[in-house]
Amino acid sequence: MASTTTATLESTSLAIEIPEEVTEVFNFRECIEPERKDTNEKEDNEQVIDIFFNPSEEMNRKVLMQNIQNKSEEYFRNADMSKLYPNLFKLLWYATLPCYELPLLSKDHHLVKSCQLAGNDLDCSKLFTKIPTDLGMCCSLNYEEAIKQSAYADLVQEMQSSSEFDIKDVANKTKVPAAVGIRNGLKLTLDLHSNSESLGSISHDFAAFRVFIGHPTEFPSIEESGILLQPGHEHYLSLSSQIFTASGIKDLDPEERQCFFPDEGNLDLYKKYTFQNCRFECGIKLTEKLLGCTPWYLPQGSNSTICDPWTAIRFSKLLGGVHSNISNCQNCLPDCEMTETSVLLSNAKFRTCDSRNLNLSPLCDLTSTVETVKWGKDVKEQYENTDVPDYIQLLGSPMRNTYYTKAMKDNEMLKTLTKSDTVYNAFERDIAIINIFFGKTTAIEYEKTRRMTEIDFISSVGGLFGLFLGFSIISFIEIFYWFIIKLVRGDEI
């Protein structure tokens, strides 16, 4: 089956040290504190949360938020955007989990833990590329560069080829072919690392991976089209495709055939035309026209202005509405040729490792050499009353601290949370397994052709004349002979 599909995994925000060249741009920051009376340490802890509930603090809260917003907006208005934009982009890039193991980060701290294709282990760094999406940076599989040359495209290429953050050549990434059946598909082990998510960086009420399945050149609109996959489960994504092709219609006007080929459409941001990219570009332009700026993580033109954080939130909300309303972008015609992929999702919760499945199921293999093993905690507890051997101490436990650093724990607003549940099991809250495969050996193909060509028209007219009038080519020759030749020669008819 010849079908190419890209899979994109959302990477979580990561609390790491940002390089000096990035942080120096943000040295303008000024802390704004609401006026408070001298209190003891317990009261100080209560004050942080009390400002949201105490009616007498309502005005202080509004003033505090407005002052912070005003300072941010003022900075963006007065900043040197030629210097600010690339550093904002780098900050977003640095502040998310890497897709795979990198030399400068801890060995265990990356999104994709392992990759298998048809049961064979693969180097994940040869498969995945970090790319920007509408929700931040993500890890992309079968990705193809589609953005036209711009400051945005240059920054993406610079970060992808950086020796510090991507040790493999982006151009030599391995394309995963379509394969039918679970045994022949791609199996990924993912780790959310939810305890390292930065404070104040989560705007949704769920803890899950987001997966986007689409065309290799399509910008991943994860907010609108992402699939949620829950940690602590093994997921099965069965793909099926419908193929749309076209023949004998390219010489027709696009308005007449009602579709565009990849080399048509004249998009400003993308090298090749797709219906989804056209709608996305149209949505960006319309929203930029309303707000006068574009967030730094979205494709943009050479004359675009960067949005401040508050306007970027408004931009994201408006873009979703514009993108979902097809009437806003009537110049975007469907694709003449495309592959449309649909997903059938099923999942099951990880079961406990015990004598029923030890050394039988993959996650309960006692000879596993991975950093974090599901049974590590239970094995270590068996040696509690004895001198624990070194080889047991080296086993990776699935238990993690709820707060990745002491500073994160100290800055928790709900202080009671730091007194209980300070550890959790990664196989319940962080780790998931995804199996991606095609469920069928065949795909339905639809071909768009002319309803009637010139030859079809002549054949149809000739058939009707022959059926109803007994008219044929010989009859036409006879008529030509009798009425033309005879008249020219002066013969009697």
Side-chain angles (χ1 to χ4, degrees), residues 7 9-12 97-101 106-125 127-128 139 141 176 179 181-196 206-211 227-238 345-384 388-389 391-402 421 423-437:
L9 311 172
E10 182 187 10
S11 183
T12 59
L97 279 173
C99 298
Y100 42 81
E101 181 183 343
S106 62
K107 184 179 181 181
D108 188 45
H109 220 79
H110 47 276
L111 179 65
V112 187
K113 306 286 289 183
S114 66
C115 304
Q116 289 184 333
L117 182 62
N120 300 314
D121 292 332
L122 292 178
D123 183 356
C124 297
S125 66
L127 302 180
F128 285 95
C139 303
L141 180 75
V176 177
I182 296 176
R183 295 180 183 274
N184 299 319
L186 180 68
K187 183 176 183 178
L188 306 174
T189 302
L190 307 180
D191 194 336
L192 194 61
H193 289 285
S194 59
N195 62 338
S196 67
F206 53 82
F209 299 95
R210 294 200 197 198
V211 178
I227 302 171
L228 297 180
L229 301 180
Q230 184 180 357
H233 291 68
E234 182 160 5
H235 302 270
Y236 297 87
L237 278 64
S238 178
L345 175 64
S346 61
N347 60 63
K349 188 177 180 180
F350 291 147
R351 66 174 299 151
T352 304
C353 288
D354 54 29
S355 295
R356 297 177 179 85
N357 58 357
L358 282 175
N359 281 335
L360 294 176
S361 64
L363 289 182
C364 300
D365 183 4
L366 296 179
T367 63
S368 175
T369 58
V370 298
E371 300 90 351
T372 304
V373 289
K374 196 171 188 296
W375 38 264
K377 174 177 177 292
D378 299 317
V379 170
K380 286 184 175 181
E381 288 179 350
Q382 271 192 225
Y383 285 81
E384 276 186 350
V388 182
Y391 53 84
I392 296 298
Q393 293 180 356
L394 293 175
L395 291 176
S397 173
M399 306 309 295
R400 293 176 177 173
N401 293 324
T402 303
D421 298 329
V423 295
Y424 68 94
N425 192 320
F427 282 90
E428 296 176 357
R429 285 174 47 180
D430 283 349
I431 296 176
I433 295 177
I434 302 178
N435 297 275
I436 305 175
F437 57 95

Drop me the distance from Asn347's CG to Ile433's CD1, to the nearest 0.5 angstrom. 12.5 Å

Looking at CG of Leu345 and CG of Leu229, how far apart are the two atoms once the value is rounded to the nearest 0.5 Å?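 Nearest 0.5 Å value for the CG-CG distance: 6.0 Å.
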
Say whether, by atom type as modelled, one donor and one acceptor occur between the side chain of Trp375 and the main chain of Asp354 under 3.5 angstrom.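 It does not hold such a pair.
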
Sub-3.5 Å donor-acceptor pair from the side chain of His235 to the main-chain atoms of Gln230, do we have one?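 Present.
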
Could you list the residues that satisfy side chain to side chain contact (heavy atoms under 4.5 Å, CB included) with Ala179, not counting sequence neighbours? Asn184

Please find the pair of heavy atoms, one from [X] and one from [Y], that lie closest to each other, and give the distance.
X: Lys374; Y: Pro398; answer: O-CG, 3.8 Å
X: Pro231; Y: Ala432; answer: CA-CB, 4.0 Å
X: Val176; Y: Leu141; answer: CG2-CD1, 3.6 Å

Go through Ile434 and Lys187 one step at a time and tell me if the side-chain contact (heavy atoms from CB on, under 4.5 Å) criterion holds. CA-CA 6 Å; Ile434 302 178; Lys187 183 176 183 178; over 6 Å; no

So, do [X] and [Y] sit near enough that their side-chain heavy atoms are less than 4.5 Å apart?
X: Thr402; Y: Asn195; result: no
X: Val112; Y: Leu190; result: yes
X: Ser194; Y: Tyr424; result: yes
X: Leu188; Y: Phe128; result: yes

Just to verify, which of Arg400, His193, Lys113 counts as forming a side-chain hydrogen bond (donor to acceptor under 3.5 Å, both in side chains) with Asp430? Arg400

Between Cys99 and Cys124, is the SG-SG gap under 2.5 Å? no

Check side-chain hydrogen bond (donor to acceptor under 3.5 Å, both in side chains) between Lys380 and all other residues, then give those that pass, not counting sequence neighbours.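 None.
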
Check the pair Thr372 / Phe427 against side-chain contact (heavy atoms from CB on, under 4.5 Å), numbers first and verdict last. CA-CA 9 Å; Thr372 304; Phe427 282 90; 3.9 Å; yes

Give the C-alpha distance, both sets of side-chain angles, the deciding distance and a yes or no for side-chain hydrogen bond (donor to acceptor under 3.5 Å, both in side chains) between Asp123 and Ser125. CA-CA 5 Å; Asp123 183 356; Ser125 66; 2.7 Å; yes

